[in-house]
Amino acid sequence: QVQLVESGGGVVQAGGSLKLSCAASGRTFSSYAMGWFRQPPGKEREFVARISRRTGSTIYADSVRGRFTISRDNAKNTVYLELNSLKPEDTAVYYCAASTSGVPSTSLRSYGYWGQGTQVTVSS
């Protein structure tokens, strides 16, 4: 089992940047694929990015590709999401999630462990 704690959210102006972190407990962090999701106000939770367990291969939602970067440091049990060129529509609660599946997936159902979320607000 793994526990996840996000940090790094805040308020930023459009065009600005933030770096989110997600610290994982446990000694088997490298056995989990990690994902970031977000839930805009009044909308459903949606996929943002995923990074594989060991090779570091990544996939991104079309809406963030080229602006956001997911990375992980298995020695620190941490996954990151760097947000650049932020837009007001990026405003959301951002969640990290862990998956034991080796199949690349953007589905919430593939992720069995979730953090509590961190708020990102982008002002225009």
Side-chain angles (χ1 to χ4, degrees):
Q1 200 162 11
V2 62
Q3 293 182 325
L4 306 172
V5 178
E6 302 97 333
S7 62
V11 180
V12 63
Q13 288 189 332
S17 299
L18 282 174
K19 187 171 184 177
L20 308 182
S21 299
C22 174
S25 64
R27 296 176 293 177
T28 59
F29 176 71
S30 61
S31 66
Y32 295 93
M34 299 300 296
W36 284 96
F37 291 77
R38 66 185 182 185
Q39 187 161 13
K43 297 184 179 181
E44 295 185 349
R45 196 170 300 189
E46 63 185 20
F47 170 79
V48 175
R50 177 191 184 274
I51 188 165
S52 66
R53 292 175 288 187
R54 293 180 180 87
T55 66
S57 62
T58 58
I59 53 176
Y60 294 93
D62 290 343
S63 59
V64 307
R65 188 177 295 112
R67 299 188 299 121
F68 291 8
T69 302
I70 188 172
S71 62
R72 67 188 297 162
D73 185 337
N74 287 342
K76 295 183 178 180
N77 283 11
T78 302
V79 62
Y80 305 96
L81 185 69
E82 187 169 355
L83 295 69
N84 296 310
S85 303
L86 281 162
K87 306 174 182 180
E89 51 264 43
D90 295 318
T91 294
V93 178
Y94 283 72
Y95 299 89
C96 71
S99 172
T100 57
S101 173
V103 178
S105 174
T106 62
S107 171
L108 277 72
R109 290 189 295 271
S110 296
Y111 295 80
Y113 304 95
W114 293 82
Q116 83 289 348
T118 185
Q119 176 71 46
V120 171
T121 302
V122 184
S123 61
S124 58

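Just so it is clear, the values below take in all heavy atoms, side chains as well, and ignore hydrogens, waters and symmetry mates. What you see is a predicted model, and the numbers here were worked out from it, not measured in a lab.
Between A24 and F29, the closest heavy-atom pair is CB-CD1, 3.4 Å. The shortest non-hydrogen separation linking S31 to R54 is CA-NH2, 4.3 Å. What you find for A33 and R72 is that their closest heavy atoms are CA-NH1, 4.1 Å. Across every non-hydrogen atom of T28 and Y32, the tightest pair is O-CD1, 3.2 Å. Across every non-hydrogen atom of E46 and P40, the tightest pair is OE2-CG, 4.3 Å. Residues S30 and N74 approach most closely at CB-ND2, 3.6 Å, considering heavy atoms.
Pairs of residues two or more places apart, or lying in two chains, never qualify as disulfide (SG to SG under 2.5 Å) while including a residue from residues 50-81. Sequence neighbours left out, not one pair with a member in residues 111-124 passes salt bridge (Lys or Arg N to Asp or Glu O under 4.0 Å). Applying the disulfide (SG to SG under 2.5 Å) definition to pairs two or more places apart or across chains, those involving residues 10-116 are C22-C96. Sorted by first and then second residue, the salt bridge (Lys or Arg N to Asp or Glu O under 4.0 Å) pairs with a member in residues 111-124 form an empty list; sequence neighbours excluded.
By the rule that hydrophobic residues join a cluster once side-chain heavy atoms approach within less than 4.5 Å of another member, I51 and F47 end up as members of separate clusters. Residues V2 and Y94 are members of one and the same hydrophobic cluster, defined by side-chain heavy-atom contacts under 4.5 angstrom among Ile, Leu, Val, Met, Phe, Trp and Tyr. I70 is connected to L4 through a chain of hydrophobic side-chain contacts under 4.5 Å among Ile, Leu, Val, Met, Phe, Trp and Tyr, so both are in one cluster. Linking Ile, Leu, Val, Met, Phe, Trp and Tyr whenever their side-chain heavy atoms come within less than 4.5 Å leaves I59 and L83 in two separate clusters.
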Next item on the list: Walk me through it: do S63 and R38 pass the test side chain to side chain contact (heavy atoms under 4.5 Å, CB included)?
Entry: CA-CA 12 Å; S63 59; R38 66 185 182 185; 3.5 Å; yes

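For the atom pair OH of Y80 and OG1 of T69, the computed distance is 14.0 Å after rounding to the nearest 0.5 Å. With rounding to the nearest 0.5 Å, the separation of OG in S124 from NZ in K87 is 14.0 Å. Note: M34 CE to T58 OG1 = 14.5 Å, rounded to the nearest 0.5 Å.
In terms of modelled atom types and a separation under 3.5 Å, the side chain of E6 and the main chain of Q116 share a donor-acceptor contact. In this structure a side-chain-to-backbone donor-acceptor pair under 3.5 Å is missing from Y111 to W36. Side-chain N or O atoms of S25 include one that pairs as donor or acceptor with a backbone N or O of Q3 at under 3.5 Å.
Here V122 pairs with V12, A14, L86, P88, D90, T91, V120 under the side-chain contact (heavy atoms from CB on, under 4.5 Å) rule; sequence neighbours left out. Residues satisfying the side-chain contact (heavy atoms from CB on, under 4.5 Å) test with R45, not counting sequence neighbours, are F37, Q39, Y95, L108, W114.
Proximity of E82 to S71: side-chain heavy atoms (C-beta onward) are nowhere separated by under 4.5 Å.
S57 and S52 are linked by a side-chain donor-acceptor pair at a separation below 3.5 angstrom, with hydrogens and angles left out of the test.
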